[in-house]
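Reading through the structure tokens given below for one structure.
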Amino acid sequence: MNEVLHTFSRLAPFIQEYIYHHNWSELRPVQIAACKVIFDTDAHLLVAAGTASGKTEAAFLPILTLLYENPPQTIGALYIGPIKALINDQFARLNDLLKEADIPVCHWHGDVSQSRKKQLLKNPKGILQITPESLESLLINKNNELMRLFGDLRFVIIDEVHAFMGSERGCQILCQLSRLQSLTQTQPRRIGLSATLGDYLMAEEWLGSGSDKLVITPEIEEVKRQIKLALEHFYVDGDGELRETNLRDAEEAEGRGERDGGGYEEYVFNLSKRRKCLIFANNKRQTESIIASLREIAVSEGLADIYHVHHGSISASLRQSAENAMREVDKPAVTAATLTLEVGVDIGHLERVIQLESPPSVASFLQRLGRSGRRGAAADMRFVCAEEKVSVEASLEEQIPWQLLQCIAIIQLYLEERWIEPIKPIKYPLSLLYHQTMSILAAGGEVSPAALAKQVLSLPSFSAIALEDFRLLLRYLIDINHIQLTEENKLIIGLAGEKVVRKFQFYAVFPDNEEYVVKHATTEIGSIFMPPPIGNQFALAGNAWEVLEVDFRKKIVLVKQVEGKASNFWRGGSGNIHTRILQRMRQVLQEDVEYSYLQKNALKRLLKVRELARNSGLDKQNILLLENNKCCIFPWMGTVAYRTLERLLNSCCRESLEIKSIGGVNPYFLTIKLGKDKFKYLYNEIVSLCEQRITAEDLLADAEAPEIQKYDRFIPHSILRKAFASDYLDMEELKQQVKKW
DNA sequence: GACCTGCTGCGGAATG
């Protein structure tokens, strides 16, 4: 009997019927592979297969079969998803599949009615689809009923594992599974799903942590899909008063030739006209402005308004109507979105995806590409890079089309090597350490300090935390009254702790998006995510500011204005660009290749910048003297190593090189103003610093302890410093990269 | 100025 038939016959009758009635012509390779692992082994399963390859069904078909054959006494399978919309989607799909079966499905998140939840609590059977936050609330508030709910749990499915790995939210899931395991004394099998994993070994390690079962990642034959890519480049006008000068300079530069300013919006308009099309941008402002422009053009041409915006600050109902418009068959609709439409939620198959500027990562590129292409048709993705035209006298680093280079680098890394960024695990998730400590206390009532330490430190996410440091944390939490020591020497939640734990915001481990308000005396300048340490500078609203005072409770930063151009404060954690992307960008400048997807203007722009690179020495040197003792470092390294370099210069050579200012808004370059004649020492200084035994922790100022995650403010500073040095800086990588200079 | 995700239990009003 052939393999497909064999697998088919192994499935529960109601599933066979479902497949038959839905005219599935065959089981997909990923589904057969998943069935083999689930039916024939006792291992965990990592399903790493392309978008739209049928991963969720691959997990559920064999699991439902096993639950059907041997019904569990409690909830039998737990599905954990990153967003509510995805859970709703999966809930509808699973209900459809289970119409003829006697396995109940329950979805549980903030928008699900109390009555539904009560129903499950009364009769805990079948499948539960839930968010990490709602699961946390069950662990705390239904602590006494967990055995009744999960005592016979067999499977845990984690969807979009790449969205969890490398974040505290992912660590939280691992802690929750561990807590359930030690309570029920069972080891449910785990199934992880993802389309964009760069390193299977790392993902396997993540999925299996805290359990001793093997993780199997079946090799799955890639579904061959044709990909159509095109990349075009435009010059656009800068805004404000400089516009006219810019244009005049630009025209002179082009030798009074054709002016290629403008045309950018029209180009995007024509790409999306009368189509079902998604436009990805890298920030909210850009989604707003492109849709406003497209709508304007449509109106002037008497065409229908089919335009929507979708991002985190758009209300749920408007987002919903955008999603609905995209789902409607055979009706054109255009939605501009940020990351919000990147994960999982099924919005139907699109004719085309447009990306403004470069995607932030290869993983993101693939996720977005996967949105395009009806069954069988080629995926179609158009990149549009718009660059503000600058004067020819502008500084060298301002004349580089960084987005264009990054875009090419990301496409090439995928086409040439199928490379995707690996996701590094967090070594010291301290904010989560606080969270889980409080959660365990809130759930279980009083425990002895030793028992609490044992319980918390045995959780897989905290394997790097030293017992000594945990003691320090407990003592500190007792000091600030988050934890209280009873007369019987037991620990309970303290008065200040109650206030944190009893807030319903406690269940999420990521911070609410409240930003710090920046105030100059009584004038409000704007807001930033995290204030830099006192005495440091940052840019906002076109000016440079120095931090005078930070009120962490009221979230206010008091500043004074300073001269010059400061760097924008670097938000910790997220948004790291990998070193390989920067390296490949440099190669794009150096190599003599005309990539086939480059359109006319993009190719022209690339050839021009390659010439500039040759003439300026940028293609060979990492440090260039520009003018007036201003020099520019092109490190060609990722965000973490770049941040480390910036700190190294800041803390070790400010005096020796008479550094007046250091500025960089991105990992592409770093501009420095040096003392007179100091340029010739810069390179040697960096190299010699890299040869010394400087650790990442040496690069923190004396009183500095960056509070980045939600509960970092309750962590003793000495541990916080260690964590920042380990998870946000990388001296080793910096050394390695500098050796290549 | 990247970006994104999530949330309980209760009281009271409105409805069938």
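A, B, ... follow the sequence lines: proteins, then strands. Residue 1 opens every chain.
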Touch class at under 4.0 angstrom, heavy-atom based, for A:K142 against every strand present: sugar-phosphate
Base B:dG6 to side chain A:D512, donor-acceptor N/O within 3.5 Å cut-off: yes
A:F506-B:dC7 aromatic stacking (under 5.5 Å, under 30°): no
Sugar-phosphate, base or nothing in reach of A:F510, heavy atoms under 4.0 Å: base
Ring-ring centroid check A:H308 A:H310, cutoff 6.0 Å: no
Listed nucleotide nearest any side-chain atom of A:T338, set B:dG6, B:dC3, B:dT5: B:dC3
Candidates B:dG6, B:dC4, B:dC7 - which lies nearest the side chain of A:K710: B:dG6
Listed nucleotide nearest any side-chain atom of A:N283, set B:dC7, B:dG6, B:dC3: B:dC3
Nucleotide of B:dT5, B:dG9, B:dC7 approaching A:T340 most closely (side-chain heavy atoms): B:dT5
A:R179 with A:E136: basic N within carboxylate O range, under 4.0 Å: yes
Interatomic distance where CZ belongs to A:F504 and P belongs to B:dC10 [whole Å]: 15 Å
d(NZ, A:K84; P, B:dT8) in whole Å: 9 Å
Options B:dC4, B:dC7, B:dG6, nucleotide nearest the side-chain atoms of A:Y507: B:dC7
Sugar-phosphate, base or nothing in reach of A:S134, heavy atoms under 4.0 Å: sugar-phosphate
Residues A:R580 and A:E421 bridged, charged N to O under 4.0 Å: no
Sugar-phosphate, base or nothing in reach of A:K503, heavy atoms under 4.0 Å: nothing
All side chain to side chain contact (heavy atoms under 4.5 Å, CB included) counterparts of A:S115, not counting sequence neighbours: A:S113
Touch class at under 4.0 angstrom, heavy-atom based, for A:R169 against every strand present: base
Of the listed nucleotides B:dA2, B:dC7, B:dT5, the one nearest the side chain of A:P360: B:dA2
NZ/NE/NH1/NH2 to OD/OE distance under 4.0 Å, A:E145 and A:R148: yes
